Amino acid sequence: MDHFRYLDHRLHCEQVPLDQIAASVGTPFYCYSQATLERHFDVFHNAFAGVEHLICYSVKANSSLAVLDTLARRGSGFDIVSGGELERVRRVGCPGSRVVFSGVGKSSAEIQAALEHEVLMFNVESQGELMRINALAGRMGLKAPIALRINPDVDPATHPYISTGLKRNKFGIPHTQAAELYRLAAGLEHVRPIGLDCHIGSQLTTLEPFVDALKRVKRLLVELRREGIPIRYLDLGGGLGIPYDSQQIPPHPERYAEALLHELQGLEVVLILEPGRVIVGNAGVLVARVEYVKQGEEKRFIITDAGMNDLIRPALYDAHHAILPVTRRFDREEILADVVGPICESADFLARDRMIPEFLAGELLAVRSAGAYGFTMSSNYNSRPRAAEVMVRQDRFAVVRPRETIQQLLEHEILFS
Ligand code: LLP
């Protein structure tokens, strides 16, 4: 459930009409509903109420400080993958004890910063990284808490670019090599293996792959404990999908929790989860204005002021995002069209060959489900300033990140002669 709906034929975010925000902020802009964020977090968190757990929201999905702050106040911890994300969670006052550090290529500077912030654990993805953490922690006179990220070789049945738990993916340590590496870690002076981690992919729409992966890592966890390696934290990553259209409805977080908890019965662990998309995806929309409507020989193009630099998901993953008129009119016909941006690439589309309501030049449209991997993946391609970000709470809204200016884009560039 989210808080985007029509009232008097105007699409609202909570109690604020999106056209009102557009009039004040300009377009394109991302708009986030704080009530939806809170609700999604609470539903997810409560689903695991039966066990000791920590929700570490995955910052990469949407790293806006206003979003992180909203979730931190709700009790969320964070899953980070860079020094930049570490700085963001510090800015919202999150203690290291609620932060896990994931990622396949952590630099020395990033590891050092995370050690200084005393993160809960490093999710280690290779022997090289393990040795690097051991050396850096040694230099600082510390013992770094670690988990190994296991690649369980399970097919998440999602888009190949966002599947991570298969043998051919760069992620994690093959489950066949994991026990050996844990033994090595247990013998190192400056790391302390306390956890086991696994993340198999994103936008999963069925529960089986999660359960299959859990079965694999559970066996390993039991084996490690038998050998005297005291694994306390089990991090099952993120990945639960959201409904982008009415075709594929992923399981509700309560069903997801039930399936995991069923598998975990009798196993004393502190469960960590790293949801991203399921918390923010449907808490955000991208609002754009139609610049032109062009009738090609084969099809109609709705040309908007938002492009693939603002929302790359359709271009990169052929992702489906619903397109809604910000003002509902009953004389609108449904037409077959491409909704495209101003960028000089044929992959610059928000929707392709889609039956959508007819739009006129100058009208506003909302791209739904854009809260996750929308702004965070946006770029300055074609020297376009990144969109503004707005957050709504009930009948109030605030710009939480102003639209970039062309001046800002150019200010660090230097001529060379
Ligand atoms: N934990 C780890 C280690 C991850 O790599 C990810 C996402 C998550 C948690 C959060 O996954 P989520 O709950 O959001 O599915 N840009 C792509 C998605 C990339 C996901 C990367 N890793 C997209 O727009 O679909």
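Owing to the predicted nature of the structure, the values given are computational and were not obtained by experimental measurement.
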*Which distance, rounded to the nearest 0.5 Å, do you find between the OH of Y373 and the OG of S58?*
5.0 Å
*Nearest 0.5 Å, what's the CG-OH distance between L68 and Y57?*
6.5 Å
*Would a distance-only check, ignoring hydrogens and angles, find a side-chain to backbone donor-acceptor pair under 3.5 Å from R403 to V25?*
yes
*asked:* Using every non-hydrogen atom in the two residues, find where P357 and I323 come nearest and quote the distance to one decimal.
replied: CD-O, 4.4 Å
*What are the two closest heavy atoms between P314 and H321, and how far apart are they?*
CG-CD2, 4.1 Å
*Given side chains that start at C-beta, do those of D155 and L166 come closer than 4.5 Å, heavy atoms only?*
yes
_Going by salt bridge (charged side-chain N to carboxylate O under 4.0 Å, His left out), R384 matches just one of D305, D310, D348. Which one?_
D310
*Just checking, is any N or O donor in the side chain of R277 or Y244 under 3.5 Å from an acceptor N or O on the other one?*
yes
*Under 3.5 Å, side chain of H9 to main-chain N/O of T327, donor-acceptor pair present?*
no
*asked:* Test your reading of the model: is there a side-chain donor-acceptor pair from S33 to the backbone of A283, 3.5 Å cut-off?
replied: no
*For Q295, does the CD atom sit with more than 12 other heavy atoms under 6.0 Å from it, leaving out its own atoms?*
yes
_Any salt bridge linking E358 with R300? Criterion: basic side-chain nitrogen under 4.0 Å from a carboxylate oxygen._
yes
*Counting only heavy atoms not in R73, do more than 12 fall under 6.0 Å of its CZ?*
no
_Listed partners of D318 passing salt bridge (Lys or Arg N to Asp or Glu O under 4.0 Å), at least two apart_ = R352
*Working to the nearest 0.5 Å, report the span between CD of Q15 and CG of L7.*
8.5 Å
*Output all residues satisfying side chain to side chain donor-acceptor pair (under 3.5 Å) with K299, sequence neighbours left out; order by chain, then residue number.*
D338, D353
*Between F4 and L324, does a side chain to side chain contact (heavy atoms under 4.5 Å, CB included) hold up when you go through it step by step?*
CA-CA 11 Å; F4 294 92; L324 299 179; over 6 Å; no
*Keeping to residues at least two apart or across chains, list the ring-ring contact (aromatic ring centres under 6.0 Å, His included) pairs with something in residues 78-130.*
F101-F122
*Is there a donor-acceptor contact under 3.5 Å from the side chain of H40 to the main chain of I279?*
yes
*Does R216 come within less than 4.0 Å of D212, counting only side-chain N to carboxylate O?*
no
*How would you list, by chain and number, every residue that makes a side chain to side chain donor-acceptor pair (under 3.5 Å) with N151, sequence neighbours excluded?*
none
*Is the closest basic N to carboxylate O distance between E85 and R88 below 4.0 Å?*
no
*Rounded to the nearest 0.5 Å, what's the gap from CZ on R232 to CG on L221? Could you check?*
12.5 Å
*Partner set under salt bridge (Lys or Arg N to Asp or Glu O under 4.0 Å) for E291, not counting sequence neighbours*: none
*asked:* Run the salt bridge (Lys or Arg N to Asp or Glu O under 4.0 Å) test against E180 and tell me which residues pass, sequence neighbours left out.
replied: R183
*CZ (R91) with more than 12 external heavy atoms under 6.0 Å*: no
*Go through the steps for V280 and L37 under the test side chain to side chain contact (heavy atoms under 4.5 Å, CB included), then give the verdict.*
CA-CA 6 Å; V280 285; L37 281 172; 3.3 Å; yes
*Partner residues of F210 under the ring-ring contact (aromatic ring centres under 6.0 Å, His included) criterion, sequence neighbours left out*: Y256
_I'd like to know if K60 and E274 make a salt bridge, using a cut-off of under 4.0 Å between side-chain N and carboxylate O._
no
_Which residues pass the ring-ring contact (aromatic ring centres under 6.0 Å, His included) test with F41, not counting sequence neighbours?_
H45
*Can you list the steps and then say if N282 with S369 is a side-chain hydrogen bond (donor to acceptor under 3.5 Å, both in side chains)?*
CA-CA 4 Å; N282 278 322; S369 315; 2.6 Å; yes
*State whether the number of non-hydrogen atoms from other residues, nucleotides or ligands found under 6.0 Å of L336 atom CG is greater than 12.*
yes
*asked:* So, using salt bridge (Lys or Arg N to Asp or Glu O under 4.0 Å) as the criterion, who are the partners of D2 when residues are at least two apart?
replied: R368
*Kindly check if the number of other-residue, nucleotide or ligand heavy atoms within 6.0 Å of OH (Y6) is above 12?*
yes
_Please determine whether the number of non-hydrogen atoms from other residues, nucleotides or ligands lying under 6.0 Å from atom CD of E118 exceeds 12._
no
*asked:* If we ignore hydrogens and angles and just use 3.5 Å, is the side chain of Y233 paired with the main-chain N or O of I272 as donor and acceptor?
replied: no
*Could you pull out all residues at least two apart from E363 that satisfy side chain to side chain donor-acceptor pair (under 3.5 Å)?*
R329, R332
*Which residues pass the side-chain contact (heavy atoms from CB on, under 4.5 Å) test with R192, sequence neighbours left out?*
K143, P145, I194
*What is the minimum heavy-atom distance between L196 and I150, and which atoms define it?*
CD2-CG1, 3.6 Å
*Verify side-chain hydrogen bond (donor to acceptor under 3.5 Å, both in side chains) between N123 and D235, making sure each step is shown before the conclusion.*
CA-CA 9 Å; N123 289 335; D235 182 342; 3.2 Å; yes
*Could you tell me the separation between the CG atom of L236 and the CG atom of L264, rounded to the nearest 0.5 Å?*
6.5 Å
*To the nearest 0.5 Å, how far apart are CZ in R10 and CG in D19?*
4.0 Å
_I'd like to know whether CD of E298 has more than 12 heavy-atom contacts from other residues, nucleotides or ligands below 6.0 angstrom._
no
*Name all residues meeting the ring-ring contact (aromatic ring centres under 6.0 Å, His included) criterion together with H159; count only those two or more places apart in sequence or in a different chain, and write none if there are none.*
Y161, Y317
_Sidechain N-carboxylate O distance under 4.0 Å for R132, E129_ = no
*List the atom of D79, the atom of C56, and the distance in Å for their closest heavy-atom pair.*
CB-O, 3.6 Å
